[in-house]
Protein chains: 2
Amino acid sequence: MSADHLDADESAEPRAADGRVPGRRGRATRQRLLECTGQMLKDRTYRDLKVVDIAREAGTSPATFYQYFPDVESAILVLADYMVAQGSETFSALTAKASWKGRAGYEASLDLVDGVLAFWERFQPLLRVVDLATDEGDLRFANVRTRLLNDLNNTLARAAADHQSLGKGQPGVNPDAIGGVLVAMMVHVSAHRLGFEFWGVRTEDLREAMARIVFWSVTGQKPPTAG
Amino acid sequence: MSADHLDADESAEPRAADGRVPGRRGRATRQRLLECTGQMLKDRTYRDLKVVDIAREAGTSPATFYQYFPDVESAILVLADYMVAQGSETFSALTAKASWKGRAGYEASLDLVDGVLAFWERFQPLLRVVDLATDEGDLRFANVRTRLLNDLNNTLARAAADHQSLGKGQPGVNPDAIGGVLVAMMVHVSAHRLGFEFWGVRTEDLREAMARIVFWSVTGQKPPTAG
DNA sequence: CGGGGCTCCTGACGGTGCGTCAGATACAGT
DNA sequence: ACTGTATCTGACGCACCGTCAGGAGCCCCG
């Protein structure tokens, strides 16, 4: 639940490799390196991201990069932290106000699914790296993933539990499992959206299928029939 | 649909780097290298798998490895091909005979989910690499993934379509989307099973939540209430 | 049983990227 | 201008990659 001990490097003063706190010029260089890193992630794949390229792009030398980040992953983690912040904001906006009742409830499910799809679209390059590094066993990125999905997870689990306590929804099924499974579904489909399209399945159709599953899993109600 | 032009290297005679067809001794070495590769995948992570280590483990030299495989990925692909064959067998056994009606239908959904979970458990190291390489954009592994999931996908889509044509199920929703979404859910949860357990969600509960979603998505019927 | 001609193996090498110094360079204050 | 601190970088050693040319093993025929 609490994540106080899991701060990224950014929560404190950024320190250079030798321990000193960077001044104005240093912070500008650091920022430039970050921006170039984010930029290059859009083109090349994570594993083809060479320190020397980032440095050259930022008009500096590889050694300078290591002054501010112990490795490429650490730089990406800083960008990922920003993404997590955006995610919390985005997802809480989508789930806070929504009601689960009737047609409006189904519309809210659609909005939620659309929100996740859009978020994955927007941060695609970063999320690709996060998924990759998480699967590779990098705990720093696993942590990013957890922080990003935690709220979503809890919100859905809470909603499922609320319906259960009223005798609706999915009685007797662990609400955390419901939330986790739904998040897994949305996340995985979002991540492989292009693969689906390539395989001939329109995103529009995925969106509908997922929203219906979300709505039914939480409320136990059959969603309104599709147009 | 058709995959005739996508054969892995294994469908034809394995050839050595210089084009010749290996004899008895050569094939034994090749096999030994394959086994060591599979073995070492269980310990180290994919990216830490160095050719020199595989070679040493197999009691030979790095150069020998390159005699039989252009790169590490290619060796893993051979192992993956075997896995795909196992998968086709496993999954078709799970879906061929099953009926979707009533309580037995729900049991079949449970069996299906269990089957996927067990399969992912069994081939965990290999599947981790397949997922990883697919996400990294390696088309050879994306192809493995497609072949592995295609049947499952089609089976579920077909079942959904059948129910729709009887006025049941999810009328008006693209059956391919339903199949794809369900497979995505099962696969992603299976891949992150340990993550869920660590986070406090028992596999038993995930299994139930997923089976219910599968059953409902295909048949449109509410599954039997949980004990 | 010994030598010719295959198959099979490997030591050694050039290449690329990593990460780390020691020292060069820019800048700010006096 | 002068000095000390902040910032940068050229150059290096390391590790792994992938490729040769040539050595070692094996089989078979004479």
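Residue numbers start from 1 in every chain, and the chains themselves are labelled A, B, ... in the order their sequence lines are given, proteins ahead of strands.
The listed nucleotides are C:dT10, C:dA26, C:dC8; the one nearest the side chain of B:Ser61 is C:dT10. Nearest to the side chain of A:Thr60, among C:dC9, D:dT7, D:dT9, sits D:dT9.
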Base contacts versus sugar-phosphate-only contacts with protein, heavy atoms under 4.0 Å: please encode nucleotides 16-21 of chain C as B, S and - from 5' to 3'. -SSBBB

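Remark: P of D:dC16 and CZ of B:Arg56 are 9 Å apart, rounded to the nearest angstrom. The distance from atom CG of A:Leu33 to atom P of D:dT7 is 13 Å, rounded to the nearest whole Å. The nearest whole Å value for the distance from the CD atom in B:Gln67 to the C1' atom in C:dC6 is 14 Å. When rounded to the nearest whole Å, the span between CZ of A:Phe69 and P of D:dT7 equals 14 Å. Computed from coordinates, the A:Phe65 CZ to D:dT7 P distance equals 17 Å when rounded to whole Å. For the pair B:Arg25 CZ and C:dT7 C1', the computed distance is 6 Å after rounding to whole Å.
Between B:Glu136 and B:Arg47 there is a salt bridge, since at least one side-chain N of the basic residue sits less than 4.0 Å from a carboxylate O of the acidic one. By the 4.0 Å N-to-carboxylate-O rule, B:Arg56 lies close enough to B:Asp53 to be salt-bridged with it. Salt bridge status for A:Arg30 with A:Glu35: absent, with no side-chain N to carboxylate O gap under 4.0 Å.
Every residue meeting the side-chain hydrogen bond (donor to acceptor under 3.5 Å, both in side chains) condition with B:Glu73, not counting sequence neighbours, appears here in chain and number order: B:Tyr46. For B:Asn153, there are no side-chain hydrogen bond (donor to acceptor under 3.5 Å, both in side chains) partners, not counting sequence neighbours.
Checking the phosphate oxygens (OP1, OP2) of C:dC9, a side-chain nitrogen or oxygen of B:Tyr68 falls inside 4.0 Å. The phosphate of C:dC9 (OP1 or OP2) has a side-chain N or O of B:Thr29 nearer than 4.0 angstrom.
Put simply, the side chain of B:Ser92 gets close to the backbone of B:Glu89: a donor and an acceptor are under 3.5 Å apart.
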